[in-house]
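Step one of this worksheet: look at the structure below.
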Amino acid sequence: MMFTDLTETERSVWAAFRAGTWVDLSTGDQRDDLSGADLWGPERTVRAKVIMALLLGAVAPEPGYLPAVRLRGARITGRLDVMGATVAFALTCESCWFDTAPRFIESTTKTVHLVASSLAGFDGTRMRTEGILNFSQTKVRGVLRLNRASVAGEVCLTRAVVEGRNGEAVAARGLTVSGDLDCTDMICNGPVRLRNARIDGAVQLTGAQISSPVALAVDATNAVIGAGLKGKRMIVQGETRLRRTRIAGSLN
């Protein structure tokens, strides 16, 4: 598979994929502020369909290398949509701006790092990840959906900001994680729903701020947590519900 209309920037992403090397489009100054990313020009723009093509096998792996998409400081346009697909390669986007919410519904992936970035939302309903699902320091401008997702690793929301929409913010009903769910210092403008979740490691809510004043703010009904729930300095506006929750370690 070949794209014939790649921009110069997209050609650099295409060429770097086979060896899994970084493509760094950042400038190292105030122009990297994500609040102005909608003004970034073609020299910092990559279409989501180009990333999708690489993740789905458009370029054959080269023996002796580990292909991956590793992108820094890019504006990503269009929807990154791998719904139902098997993604055999890692995806790392750092300090990137997504104008449309990525869709990973029912996909099977390797590690996904979307860190220090800005996402219009994220839908990982029933996705299966073999590795780490990382949203550290990322702003989610809508809803983060991980309902019935399964992660054979860790889920990281450290210092993430989830703005939420229509009464939803972090929707993770039935989420299964073999490691920790780390929400240290997360800011969430809406409820965190962990009903029926199974977290084999710890749930880290230290320093988290969760606001849903007129409704459930934290719902872990029927959840099973293997290594404790840690909530030092946590601030919750709204109800915290732990009905029939099983915590094998300590509740702090």
Side-chain angles (χ1 to χ4, degrees), residues 1-28 31-32 34 37 40-124 126-138 149-156 178-179:
M1 179 179 178
M2 293 295 294
F3 276 83
T4 58
D5 62 342
L6 295 177
T7 65
E8 182 178 348
T9 301
E10 291 168 346
R11 283 196 295 271
S12 66
V13 175
W14 198 274
F17 169 78
R18 186 167 289 177
T21 55
W22 278 94
V23 175
D24 190 347
L25 305 176
S26 60
T27 59
R31 288 173 292 176
D32 290 333
L34 291 172
W40 292 352
E43 74 283 356
R44 298 189 66 171
T45 300
V46 178
R47 290 170 294 173
K49 70 177 185 178
V50 175
I51 297 174
M52 288 165 50
L54 292 171
L55 293 177
L56 298 178
V59 175
E62 185 173 338
Y65 292 92
L66 291 174
V69 173
R70 294 189 171 96
L71 187 57
R72 180 181 293 118
R75 176 188 178 194
I76 298 171
T77 59
R79 188 184 297 279
L80 179 56
D81 189 350
V82 292
M83 179 176 176
T86 296
V87 178
F89 310 108
L91 170 65
T92 298
C93 292
E94 181 179 304
S95 301
C96 291
W97 191 86
F98 290 74
D99 68 359
T100 306
R103 183 157 54 189
F104 281 70
I105 298 171
E106 297 181 348
S107 63
T108 300
T109 74
K110 300 297 186 183
T111 288
V112 176
H113 290 284
L114 303 177
V115 300
S117 296
S118 181
L119 310 178
F122 183 90
D123 196 341
R126 296 185 298 278
M127 73 181 291
R128 299 177 62 85
T129 298
E130 299 175 0
I132 297 172
L133 187 56
N134 190 354
F135 300 96
S136 296
Q137 302 179 60
T138 284
S150 178
V151 180
E154 298 181 354
V155 176
C156 189
S178 66

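Fair warning: this is a prediction, and the values are worked out from it, not measured in the lab.
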Derivation and outcome, side chain to side chain donor-acceptor pair (under 3.5 Å), residues S117 and T138: CA-CA 5 Å; S117 296; T138 284; 4.5 Å; no

Apply side chain to side chain contact (heavy atoms under 4.5 Å, CB included) to the pair I51 and I76, showing each step before the final yes or no. CA-CA 9 Å; I51 297 174; I76 298 171; 3.8 Å; yes

Apply side chain to side chain contact (heavy atoms under 4.5 Å, CB included) to the pair L91 and L80, showing each step before the final yes or no. CA-CA 11 Å; L91 170 65; L80 179 56; 3.9 Å; yes

For a side chain to side chain contact (heavy atoms under 4.5 Å, CB included) check, start with the C-alpha distance between V115 and Q137, then their side-chain angles and the critical distance, and finish with the verdict. CA-CA 6 Å; V115 300; Q137 302 179 60; 6.0 Å; no

Determine, stepwise, if the pair T9 / T45 fulfils side chain to side chain contact (heavy atoms under 4.5 Å, CB included). CA-CA 7 Å; T9 301; T45 300; over 6 Å; no

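Enclosure of atom CZ in R79 by more than 12 non-hydrogen atoms of other residues, nucleotides or ligands within 6.0 angstrom is indicated.
In terms of the side chain to side chain donor-acceptor pair (under 3.5 Å) criterion, R18 has no residue partners (sequence neighbours excluded). For the salt bridge (Lys or Arg N to Asp or Glu O under 4.0 Å) test, residues two or more places apart in sequence or in another chain that qualify with E106 are R126. Every residue two or more places apart in sequence or in another chain that forms a salt bridge (Lys or Arg N to Asp or Glu O under 4.0 Å) with E10 is listed here: R47. The side chain to side chain donor-acceptor pair (under 3.5 Å) search around E130 returns K110, not counting sequence neighbours.
Taking the charged nitrogens against the carboxylate oxygens, D32 and R44 do have a contact shorter than 4.0 Å, which makes a salt bridge.
Note: T77 OG1 to D99 CG = 5.5 Å, rounded to the nearest 0.5 Å. Here CG of L55 is found 9.5 Å from OG1 of T109. Values are rounded to the nearest 0.5 Å.
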Distance-only donor-acceptor pairs under 3.5 Å for side chains of residues 64-72, two or more places apart:
from, atom 1, to, atom 2, distance (Å)
R70, NH1, G20, O, 2.5
R72, NE, E94, OE2, 2.9
R72, NH1, D24, OD2, 3.2

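When side chains are defined from C-beta on, H113 counts as touching I132, because their heavy atoms get closer than 4.5 Å. When side chains are defined from C-beta on, S107 counts as touching V82, because their heavy atoms get closer than 4.5 Å. Counting heavy atoms from C-beta on, the side chains of L34 and W40 come closer than 4.5 Å.
Heavy atoms only, all atoms of each residue included: A120 and A101 are closest at CB-N, 3.6 Å. Minimum heavy-atom separation, G121 to P102: O-CD, 3.1 Å. In this structure, G124 and A149 approach most closely via the heavy-atom pair O-CB, 3.6 Å. The nearest pair of heavy atoms linking S178 to G153 is OG-N, 2.9 Å. Heavy-atom minimum distance, E43 versus L25: O-CD2, 4.0 Å. Taking all atoms of both residues into account, the shortest heavy-atom contact from N134 to C156 is OD1-CB, 3.5 Å.
Residue pairs meeting the ring-ring contact (aromatic ring centres under 6.0 Å, His included) criterion with at least one partner in residues 87-109, sequence neighbours excluded, are F17-F89, F104-F122.
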